[in-house]
Amino acid sequence: MLRVPTFLLGLVVVVATLAPLSAQETPKQRPGPFLIFGPVHIIRDERATFKNEQGKFVEGPRVLVQTLEYNEDGTRQDRTSYTDANQAYRTLDTYDPDGRILETKNFRSGALENRVVSSYDDQKQLAEELTYRPDGSIQDRVVFRRHGNQREVESWAYDIQGNIVAQSKTLNDLPARRSKSISISPGGVSQTESSVIENPDGSWVRTEQSNGSLKRQVIADGHGSEDWILYNKDGTIKSRERILREFDSHQNMIKETRLNANGDSADFTPSSVAYRMITYFEKD
């Protein structure tokens, strides 16, 4: 499987994790794809699901899903994720003082699984990412090219002998917020086109067409709440998801509740809740 390029994570962050508007000055953001602000030291993420007990939705026990630890300037970030099977996956990210990712090391059950090394051009823009196996052989290669307001991301995956086993290319039109991608693998050829439009009311419309299937989502941000609407091909509403968020004084999210409704129904029921316990470095 090809690694998702870091360049493509920006759109996900913008659309899926809209921060609340505030009249006060926004604290400095930590490096990385997550919206983390201020002198964060440790984050502990827990999640619980809801179950229906005699017509009433009750929150179940909290389960630890992730911990993150930052050094004081944010250039070293240590993240451990936990699965339902009690397996631990650790990721160690290293950034330069300007916030550019230098290296990512991924561990499974304590053993190094791979490491990703990023390099930059003369303008300090991301140019290439190489993923190495523990034996030093190349697992994936991602190249980033820029042509004015156009961005091109090309990826290759290699087997242990160095043969290409999969490849993909994505073209991003930044002003139009449109992208086209094609992926070639042993499973066949996949083509995807997507676009994001911001409406005058502040909502976002994301449309994705992949191999003949069409998916349209409307995301409305309500200053701490967010609605996702998934449409069928005929334009009818397939489902709705509502996300309610709470933030601390640093504008970091500390609670997120997800609710779902079928079709065009306004009857939302809670599905899951995430809690984030954050400790900060103390100022002198």
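Since the structure is predicted, the reported quantities are computational estimates derived from the model, not experimental observations.
Applying the salt bridge (charged side-chain N to carboxylate O under 4.0 Å, His left out) criterion to R100, with sequence neighbours excluded, gives D96, D98. Listed by chain and number, the residues in a side-chain contact (heavy atoms from CB on, under 4.5 Å) with L112 are K105, F107 (sequence neighbours excluded). By the salt bridge (charged side-chain N to carboxylate O under 4.0 Å, His left out) test, R216 is found to be paired with no residue, residues two or more places apart in sequence or in another chain being considered. Among residues two or more places apart in sequence or in another chain, the ring pair (Phe, Tyr, Trp, His ring centres under 6.0 Å) test is passed with F281 by H41. Residues satisfying the side-chain contact (heavy atoms from CB on, under 4.5 Å) test with S185, not counting sequence neighbours, are A166. Under the rule for a salt bridge (charged side-chain N to carboxylate O under 4.0 Å, His left out), the partners of E198 that lie at least two apart in sequence or sit in another chain are R177. Among residues two or more places apart in sequence or in another chain, the salt bridge (charged side-chain N to carboxylate O under 4.0 Å, His left out) test is passed with E113 by R108. By the side-chain contact (heavy atoms from CB on, under 4.5 Å) test, L130 is found to be paired with E128, Y132, I138, R141, residues two or more places apart in sequence or in another chain being considered.
Sorted by first and then second residue, the salt bridge (charged side-chain N to carboxylate O under 4.0 Å, His left out) pairs involving residues 154-173 (not counting sequence neighbours) are R145-E154. Listed by first then second residue, pairs satisfying salt bridge (charged side-chain N to carboxylate O under 4.0 Å, His left out) with a partner in residues 262-281 read D45-R276, R240-D264, not counting sequence neighbours.
In this structure, Y82 belongs to a hydrophobic cluster whose other members, linked by side-chain heavy atoms under 4.5 Å apart, are L64. Hydrophobic cluster membership for V273: F50, F57, Y275, M277 (Ile, Leu, Val, Met, Phe, Trp, Tyr linked by side-chain heavy atoms under 4.5 Å, directly or transitively).
Checking N106 against T91 by side-chain atom types alone, a donor-acceptor pair falls below 3.5 Å.
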